[in-house]
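Chain naming here is simple, since letters A, B, ... match the order of the sequence lines and numbering starts at 1 in each. None of these values were measured; they are calculated from a predicted model.
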2 protein chains.
Amino acid sequence: MPVRIEDVAAHAGVSTKTVSRVLNGHPSVRAKLRTRIEASIRALNYVPNPSARGLAGNRSYLVALLYDNPMSSSSYIMELIVGVLQACKETPYNAVLHPFEASDDLVSRIDGFVAQHRPDALVLVPPHANNTRLLQRLEELDLRYATISSKSRQSRIDIGFDERRAAADIVEHLISLGHRRIGHVASLKGHGAHAWRLNGYRDALRRAGIAYDESLVVPGDFTFASGVAGAKALLDRRDPPTAIFAANDDTACGVMREAYERGLAVPGDLSVCGFDDTPVSLQISPGLTTVHQPCREMARLAVECVLRSIRDPAMRQHTHVPYQVRLRASTAAPGKR
Amino acid sequence: MPVRIEDVAAHAGVSTKTVSRVLNGHPSVRAKLRTRIEASIRALNYVPNPSARGLAGNRSYLVALLYDNPMSSSSYIMELIVGVLQACKETPYNAVLHPFEASDDLVSRIDGFVAQHRPDALVLVPPHANNTRLLQRLEELDLRYATISSKSRQSRIDIGFDERRAAADIVEHLISLGHRRIGHVASLKGHGAHAWRLNGYRDALRRAGIAYDESLVVPGDFTFASGVAGAKALLDRRDPPTAIFAANDDTACGVMREAYERGLAVPGDLSVCGFDDTPVSLQISPGLTTVHQPCREMARLAVECVLRSIRDPAMRQHTHVPYQVRLRASTAAPGKR
DNA sequence: ATGAAAGCGCTAACAA
DNA sequence: TTGTTAGCGCTTTCAT
């Protein structure tokens, strides 16, 4: 159990500091010596003590994932977690999760959290990723952070995907099936998603020469309930849409529920598509056409970048990762039964 | 930033050791002194440095959640995570997540993980919670652990719920609606759930005086695909069941998919119920009748108990937490349309 | 019930 | 490029 750095140093015939340098990837160790020390490390099965490293180096080896609402978006968070864990694997870093509800005293609560756990790096997702006061405060604390899908340009490191183009793609798919009257249950205001997905919807209409009808866009907040309500509003019209593009899968499920309650067949009477490709899009019947949001990749990249930025604080990186439209059975030509 | 224990000691006019005792809840500090020191701690906004505590006390302040498969059961894991985080809140402990795929060298991989991260406590969920070799190894390493829903009696601390009775309850619900021929798509073998849920199903039949027909039980593995396959097998019979009890919600969704493909109405032509009360049970249409598995409570209790067991290593605790049957629209009287 | 001194295992300055 | 010497901030002996 207690193999310490000095045991390795003795075994390799060097000083502890040199072993430390190898451990920390310091460049000024000759290749030959480095190899010998690495051999000793393996031979003794040495693993450095994180507390000791942390204390001496004033680091915690913790990267924190800060998110908002575990309830309504648990599969989104879960996918991010998988990505974060992938990135931490093979590093001395551990991931810790910190749900914080948005509130006025958010900044001071984050202060408390930082004081207590002293994470070396943070990853923020919306809506915190859009909270400029919070980002400001993290800068003041000189903490490295990365955001995911932030709409703020303030963040030095942000990983997202082209949500606008993705939304346009999926609406274009509906148009290509023959739909002309397409409803949209919008995203939660404040999220970048709100504008991105709405603009993508409008882009697709414009390119197809379909006039934008504001009344076909109803408010939503990413919840199932807002899908039900949005579908009610849209389907109660005298000229109901033949297809509905919901801002996310949960909302799309709400739309499908309302169609079900009205005895409307999906996709026969109404095509529905979502966004995110959460597990429910495969579990529901018919399978839901949606956009695969590359959560894992985004989270993995975010962690990789933010860990790199610990060494290089000036680093900036704004990256889009690829997405995919997943065509399933919930969309078809209008009027087809 | 750098408020240290000696600052607190100076402020309160005591030695650092006494402050340390207060921090660690040591009983041998007089109430008056304790109060004074606590006031100093608050006044200075002191938060102990986890790395320093960890190094000096040979602890990591980490509790690890060990699980198996993030894919097929992400909402189950997510709920556990919420419970684990709740329990860690207001403690100096941080939760870390460690997915490990089951394999022959699982034990040695856990050894590596323990060597690297030195968690003070572990929480195991099935199937790891049933891995006696693994539990054995943790005992050897003198590591505190708690299991969730373990079928092994080896675990000193286990939190579960009465799955057998819950299964019986939900099947009794089907019987009370008038169903007599009820199919069951079984759980993954190896999980405690397999026997518990199957036995509960049999209990309910027996109590209702319905003969157990082995051929109405088809194998499953908690996946959507096994629900589809199981439903195919059951619905292809000359005397198909009027209701199907699926081992979990994902499987139930597969059953509903197969019903959908055959043009069978749920619940008109077929009642379906699941188990777990994952988010999909609300998102799907009709809403899925299921058993609410109290994941959060189980995880919270497991962490609370295992942290307590650090101080009291002999501690044993085997607890069942309450569950609830959630009646939704996927079950109705047979033949009703 | 409280205090003094000695580390825990590592890294950061500084030296060589 | 490598080694020496001090700590990092806390808890633990062992005193008292």
Student: Check the orientation of B/Y61 and B/Y93. Use parallel for under 30°, tilted for 30 to 60°, and perpendicular for over 60°.
Tutor: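 B/Y61 vs B/Y93 ring planes: tilted.
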Student: Which is more 5' along DNA chain C, the nucleotide nearest B/P27 or the one nearest B/L55? Just name the residue.
Tutor: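 The answer here is B/P27.
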Student: Do the rings of B/H128 and B/F100 sit parallel, tilted or perpendicular, given the 30° and 60° boundaries?
Tutor: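 Perpendicular, since the angle between the ring planes exceeds 60°.
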Student: Using a 4.0 Å cut-off on protein heavy atoms (strictly under), produce a 5'-to-3' string for nucleotides 10-16 of chain D with B for base contact, S for backbone-only sugar-phosphate contact, and - for none.
Tutor: BSB----
Student: Heavy atoms from C-beta onward define the side chain here; which of C/dT2, D/dG3, D/dT2 lies closest to that of A/V14?
Tutor: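 Within the option list, the nearest is D/dG3.
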Student: Under 30°, 30 to 60°, or over 60°: which ring-plane class applies to B/H117 and B/H98, parallel, tilted or perpendicular?
Tutor: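 The arrangement is tilted - the two ring planes meet at 30° to 60°.
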Student: With a 4.0 Å cutoff (strictly under), does any side-chain N or O of A/T18 reach OP1 or OP2 of D/dG3?
Tutor: yes
Student: Is any side-chain heavy atom of A/Y145 less than 4.5 Å from a side-chain heavy atom of A/I157?
Tutor: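 Side-chain contact under 4.5 Å: no.
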Student: Give a yes or no answer on whether the side chain of B/D7 reaches the backbone of B/R4 with a donor-acceptor pair at less than 3.5 Å.
Tutor: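 It does hold such a pair.
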Student: How close or far is atom C1' of D/dG9 from atom CG of B/L44, stated in whole angstroms?
Tutor: 15 Å
Student: Any idea which heavy atoms bring A/R296 and A/Q86 closest together, and the distance?
Tutor: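 Looking at all heavy atoms of both residues, the closest pair is CD-NE2, 4.5 Å.
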Student: In whole Å, I'd like the distance from the NE2 atom of B/H26 to the C1' atom of C/dT2.
Tutor: 11 Å
Student: Please state whether the phosphate of D/dG3, meaning OP1 or OP2, lies under 4.0 angstrom from any side-chain nitrogen or oxygen of A/S15.
Tutor: yes
Student: Let me know the distance between CG of B/N58 and P of C/dC10, rounded to the nearest Å.
Tutor: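 Interatomic distance, CG of B/N58 to P of C/dC10: 12 Å.
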